Protein chains: 2
Amino acid sequence: MTRSRAGSRPTMRDVAAAAGVGLKTVSRVVNGESGVTPATAERVRAAIAELGFRRNDSARLLRTGRTASVALLLEDLGDPFSSALSRAVEEVARARDCLLFAGSSAEDPRRERELALAFCARRVDGLLIVPAGDDHRYLLPETASGTPAVFLDRPGAGIDADAVLSDNAVGARAGVRHLIRHGHRRIGFVGDLPQIHTSTERLRGYREAMAEAGLPADERWIATGPTDRATVARAVARLTDGPDAVTALLTGNNRITLAALHHLPTGAGRPALVGFDDLELADLLAPGLTVVAQDPAGLGTTAARLLFDRIDGDRGPARRIEVPTRLIARGSGETPPAAG
Amino acid sequence: MTRSRAGSRPTMRDVAAAAGVGLKTVSRVVNGESGVTPATAERVRAAIAELGFRRNDSARLLRTGRTASVALLLEDLGDPFSSALSRAVEEVARARDCLLFAGSSAEDPRRERELALAFCARRVDGLLIVPAGDDHRYLLPETASGTPAVFLDRPGAGIDADAVLSDNAVGARAGVRHLIRHGHRRIGFVGDLPQIHTSTERLRGYREAMAEAGLPADERWIATGPTDRATVARAVARLTDGPDAVTALLTGNNRITLAALHHLPTGAGRPALVGFDDLELADLLAPGLTVVAQDPAGLGTTAARLLFDRIDGDRGPARRIEVPTRLIARGSGETPPAAG
DNA sequence: CTGAAAGCGCTTACAG
DNA sequence: CTGAAAGCGCTTACAG
């Protein structure tokens, strides 16, 4: 080994010296450019192998002006929704030889901002954001400087940017219609905090379905708030108790559905249930869990494609794309209303 | 706006010109270094605000020699195990102001290699790998050049590197002991392909538990192979049928457990079941699913800490750390053997 | 076919 | 307190 300094990596300059050629010739060989005699190329390749040289892409990209990377900012990289979405984004990025930075905001707006700006400082080619905060004006200088951003799952606020969303209202409406079709009239909705966009949209779908069927949507049948187990348990208990108790429930997301499943009575007295978001094992429960399934992979793929269109120079007006949800009937949403 | 060129980002040089100061003074203000009069600093800050300047960290890091990023190479970013692991790694990285590249090998050794080398070419400070291939000599030049690698879930091959693994044999042994304790004597094992390290280790644990209880481990009770639904269904049918049918099963991973749950008879005739890997909703099944749970977050945290120790200069011999698994009894593993 | 010079956007080492 | 020069490891634009 003729390494200049041990522990530090050889550079093109080292290779050039070892092969007795100019820097540019090494660059030509490394990049497969034409105009190098086979003999010279061979000498260069030998030097590369001997030194264990690998081109520093960070340096190359600095010169080139792009970074061949995009950033994906999620709520929580560890939840199934985020991870299915990430996987789809990765696949699109990969087809473009683009690497992926990933990070979680942990639902903290300040952390979202810090991470997003850190990615911008690295000069990622584009940004995919599942927003936690409700003010994204901090991104205005970045998008104005040419770093496109696409919002996912929820729209950005205070910024005119692309957004790729589930058709939340349509999906919730479909879920409630399904319950109505199975004979339910008193249907409850348990949702997330009202300041969350998806929560509001799903509640809107619930109201629309009730209205179009000529059913009242009694405010006592609607509960929105934190989604921890205890709070949801109380909400479920309230809605399913007393003379005006609901006979069916639409639960507004994954966590709420899980909490409800734990606290709902089992057996004949159990209200019908449709959950928003699919769950692993949902088909193995008894009865199987009927859900309005989102398509996280579809969201990821759509958003990533849109982002790359922007990176490629699409300057059209901001778009909002809705990705369809799908009702999957498995049993829990098809039980008839209990007598009463 | 006095931007030099629209669409392209302002640089420190632009800021310096706008503020009428030298480049180095801008650098001082941006980095919060001392030795700038308040008045000068104020002029610089005004120029920064007016131009919408944000320091290019990629350029800074090129000069500095590190990249403040690590790469996480998973089997599939979209599966729950990977995503829980990623989340833990991210948290450790974040505490070090380090960004995270993430990628999936999709269990393709060639893709693993491509991605790993692409990360090395970006000069990540370190590499975390859940290996797909069984030959990692391609990494030798990289680790020799000072990019540390830590293997996760399975050890690397052909390279003397750190590895952080689940205590697979111990966990499987605990699962089988649990079944024995509940009266089972004929216990089956359905595992992944024998060339997979975790599969072999879990099978070893199974054999150890049988041996220490003085029970035969009839080869007809052991099935290893692909983990698609159909293959597992056939294996389960074979093991649970006939006069020598097993009364209990240890399923060697998540996918196998799911397939088994779909194909096992329900009700009284169902064999007892312990699954390796926990599943969401496992406690809502009837009976609840008894599992040997891995600790993906623990794996991620441990591996990330080890990696940063290496990045910080720890040159000690390669370590192998085993992260404990945990038996969670929920019902399916506590049913007594069916008469016969 | 080959290579010296300049530059990507910063920081480092140094001089005033 | 301030800044001009050199350099991180490459590519670009150009000249031989």
Side-chain angles (χ1 to χ4, degrees), chain A residues 3-5 7-44 47-48 51-68 120-125 145-147, chain B residues 3-5 7-44 47-48 51-68 120-125 145-147:
Chain A
R3 288 267 289 293
S4 22
R5 291 157 295 168
S8 97
R9 288 179 175 265
T11 69
M12 279 195 180
R13 179 192 292 274
D14 298 326
V15 174
V21 300
L23 187 58
K24 176 63 194 167
T25 298
V26 177
S27 175
R28 283 200 181 88
V29 173
V30 168
N31 293 300
E33 291 170 25
S34 64
V36 184
T37 56
T40 311
E42 198 38 61
R43 275 220 317 286
V44 171
I48 287 175
L51 296 179
F53 168 80
R54 178 172 310 281
R55 181 182 60 191
N56 182 334
D57 276 340
S58 293
R60 180 174 64 84
L61 292 164
L62 172 63
R63 189 62 179 88
T64 305
R66 29 193 307 278
T67 62
C120 289
R122 294 290 175 109
R123 296 295 187 269
V124 294
D125 296 332
S145 307
T147 304
Chain B
R3 288 266 289 292
S4 23
R5 291 158 297 168
S8 98
R9 286 179 175 265
T11 69
M12 277 194 182
R13 179 192 292 275
D14 297 327
V15 173
V21 300
L23 188 58
K24 177 61 194 168
T25 298
V26 177
S27 175
R28 284 200 181 88
V29 172
V30 168
N31 294 299
E33 290 170 24
S34 63
V36 184
T37 55
T40 310
E42 198 38 60
R43 277 220 316 287
V44 171
I48 287 175
L51 297 178
F53 168 81
R54 178 173 310 282
R55 181 181 61 192
N56 182 333
D57 276 340
S58 293
R60 179 173 65 86
L61 292 164
L62 171 63
R63 188 61 180 88
T64 306
R66 32 196 304 279
T67 62
C120 289
R122 295 291 176 107
R123 296 293 188 270
V124 294
D125 296 331
S145 307
T147 304

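Just so it is clear, the values below take in all heavy atoms, side chains as well, and ignore hydrogens, waters and symmetry mates. In what follows, every chain begins at residue 1, and chains take the letters A, B, ... in the order their sequences are listed. Source: prediction; values computed, not measured.
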Distance check needed: [N] [atom2] versus [X] [atom1], whole Å only.
X: Asn56(B); N: dC10(D); atom1: CG; atom2: P; result: 17 Å
X: Leu23(B); N: dT12(C); atom1: CG; atom2: P; result: 13 Å
X: Arg66(A); N: dT11(D); atom1: CZ; atom2: P; result: 13 Å
X: Met12(A); N: dA4(C); atom1: CE; atom2: P; result: 15 Å
X: Arg123(B); N: dC10(D); atom1: CZ; atom2: C1'; result: 11 Å
X: Arg122(B); N: dG9(D); atom1: CZ; atom2: C1'; result: 15 Å
X: Leu62(A); N: dT11(C); atom1: CG; atom2: P; result: 12 Å
X: Asp57(A); N: dC10(D); atom1: CG; atom2: P; result: 9 Å

For a quick test of reading the model: is some side-chain N or O of [X] closer than 4.0 Å to OP1 or OP2 of [N]?
X: Thr25(A); N: dG3(C); value: yes
X: Ser27(B); N: dT11(C); value: yes
X: Arg28(B); N: dG3(D); value: no
X: Thr40(A); N: dT2(C); value: yes
X: Thr64(B); N: dC10(C); value: no
X: Arg63(B); N: dG9(D); value: no

Kindly indicate, with the supporting measurements, whether the criterion side chain to side chain contact (heavy atoms under 4.5 Å, CB included) is fulfilled by Arg123(A) and Arg9(B). CA-CA 10 Å; Arg123(A) 296 295 187 269; Arg9(B) 286 179 175 265; 3.0 Å; yes
For Arg13(B), which contact category applies under a 4.0 Å heavy-atom criterion: base, sugar-phosphate, or nothing?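 It contacts nothing in the nucleic acid.
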NA contact type, Asn31(A), heavy-atom cut-off 4.0 Å: base, sugar-phosphate, or nothing?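 Result for Asn31(A) = sugar-phosphate.
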Quick check for you: to the nearest 0.5 Å, what is the distance between [X] atom [atom1] and [Y] atom [atom2]?
X: Asp57(A); Y: Cys120(B); atom1: CG; atom2: SG; result: 11.0 Å
X: Thr11(A); Y: Arg55(A); atom1: OG1; atom2: CZ; result: 14.0 Å
X: Asp14(B); Y: Ile48(B); atom1: CG; atom2: CD1; result: 12.0 Å

Minimum-distance nucleotide to Lys24(B) side chain [options: dG9(C), dA4(D), dC10(C)]: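 Comparing dG9(C), dA4(D), dC10(C) against the side chain of Lys24(B), the answer is dA4(D).
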With the side chain of Val21(B) defined as its heavy atoms from C-beta on, choose the nearest nucleotide among dC10(C), dG3(D), dT2(D).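 Among the listed nucleotides, the one closest to the side chain of Val21(B) is dG3(D).
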Any strand is fair game: report the nucleotide pairing with dA4(C) by Watson-Crick or G-U wobble, both distances under 3.5 Å, or none.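 Paired with no nucleotide.
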Could you please name the partner base of dA13(C), counting Watson-Crick and G-U wobble pairs only when both distances are under 3.5 Å?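 Pairing partner, where one exists within any strand: none, as none qualifies.
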Could you please spell out the steps behind the side chain to side chain contact (heavy atoms under 4.5 Å, CB included) verdict for Val15(A) and Val44(A)? CA-CA 7 Å; Val15(A) 174; Val44(A) 171; 4.3 Å; yes
